[in-house]
2 protein chains.
Amino acid sequence: MTHPLDPVFSALADPTRRAILTMLLEDDMAVTDVAEPFQMSLAAISKHLGILADAGLITRERRGRVIWCKLEPDALRAASVWMQGFGQFEPVDLDAFERFLETELSDPPDAGPDRSDQSSDDRA
Amino acid sequence: MTHPLDPVFSALADPTRRAILTMLLEDDMAVTDVAEPFQMSLAAISKHLGILADAGLITRERRGRVIWCKLEPDALRAASVWMQGFGQFEPVDLDAFERFLETELSDPPDAGPDRSDQSSDDRA
DNA sequence: TTGATCGTCAACCGTTTGGTTGAATATCCA
DNA sequence: TGGATATTCAACCAAACGGTTGACGATCAA
């Protein structure tokens, strides 16, 4: 892992971690709340968050008992810039954008948050 | 590896593979020529090329004894667009984003990249 | 202080990854 | 035909990955 881009792409390669980033896009979240929609242990989510943090994609800040996770888009932008180097494609392409949405919804049953209803959830 | 973006980011996570993509950005290359600058076996490079091909990032075409590797930027674009979603922080409204998602899903999109314009070869 | 909650750590486990080597296949050339 | 070149295949290996469980340190609330 010599190149600084390695841990970023490596972190993005996991659908759980991408789902977490998507959730954090909406708002900062506590670790427990991040873990809630997933069918895996809190420890597993904690590891995923560690990987995301090591890649610089998120930061974590303790406030009392709770650790808040915050998206850090700068690392993402660095990777994005690398890919733009290959781009004969423009940054904001609506067609590609809808393809993105389409693929996001085709998430497998237990690999991502079920965004249809998230009751019993109160943050902040 | 259920999500179509998984193999793409996974392929990009390796510096050798990113280097190969960069080389192919310049021109199509034979497998042996791809392998030449690396300090690993030809078989290892062949595996890397297989991974890149499975991710849709390159295609390979046999011409005589030689297999030519060609960059396919469309898969890269899909990943790039996913990341662009995070770059758009300010103007992006998550609710509108999800509404957009719903409407786009009810409208079957024409199924993605199919650019098979193979010009006749020249180099031998 | 006691007890519940939040999150990580440590050890473990099966699978995947990234490399090796040697044999196999396919094609060109003489 | 036979030999050289181009590439993959198969078996193997150590290391990393993604998950589990149980114990642990912190913090809040009573």
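A, B, ... follow the sequence lines: proteins, then strands. Residue 1 opens every chain. Being a predicted model, the structure only gives us computed values, none of them experimental.
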Starting at atom [atom1] of [X], determine the distance to atom [atom2] of [N], rounded to an integer number of angstrom.
| X | N | atom1 | atom2 | result |
| --- | --- | --- | --- | --- |
| A/Asp33 | C/dT5 | CG | C1' | 13 Å |
| A/Ile51 | C/dT8 | CD1 | C1' | 14 Å |
| B/Trp68 | D/dA6 | CH2 | P | 11 Å |
| A/Gln39 | D/dG18 | CD | C1' | 16 Å |
| A/Arg65 | D/dA26 | CZ | P | 15 Å |
| B/Asp54 | C/dT16 | CG | C1' | 14 Å |
| B/Ile20 | C/dG19 | CD1 | C1' | 14 Å |

Nucleotide-level pairing of DNA chain C, given in dot-bracket where Watson-Crick and G-U pairs need both distances under 3.5 Å and | marks other strands = |||||.||||||||||||||||||||||||
Nucleotide nearest B/Ser41 (side chain, heavy atoms from C-beta), chosen from C/dT20, D/dT7, C/dT8 = C/dT20
note = Ranking C/dT21, C/dG18, D/dT8 by distance to the side chain of B/Ile67, first place goes to D/dT8
ask   = B/Asp33 versus B/Trp68: any side-chain heavy-atom pair under 4.5 Å?
value = no
key: C/dT8 OP1/OP2 closer than 4.0 Å to side-chain N/O of A/Arg60   = yes
query = Which of residues 42-50 of chain B sit near DNA chain D, with a heavy atom under 4.0 Å from it?
reply = B/Leu42, B/Ala43, B/Ser46, B/Lys47
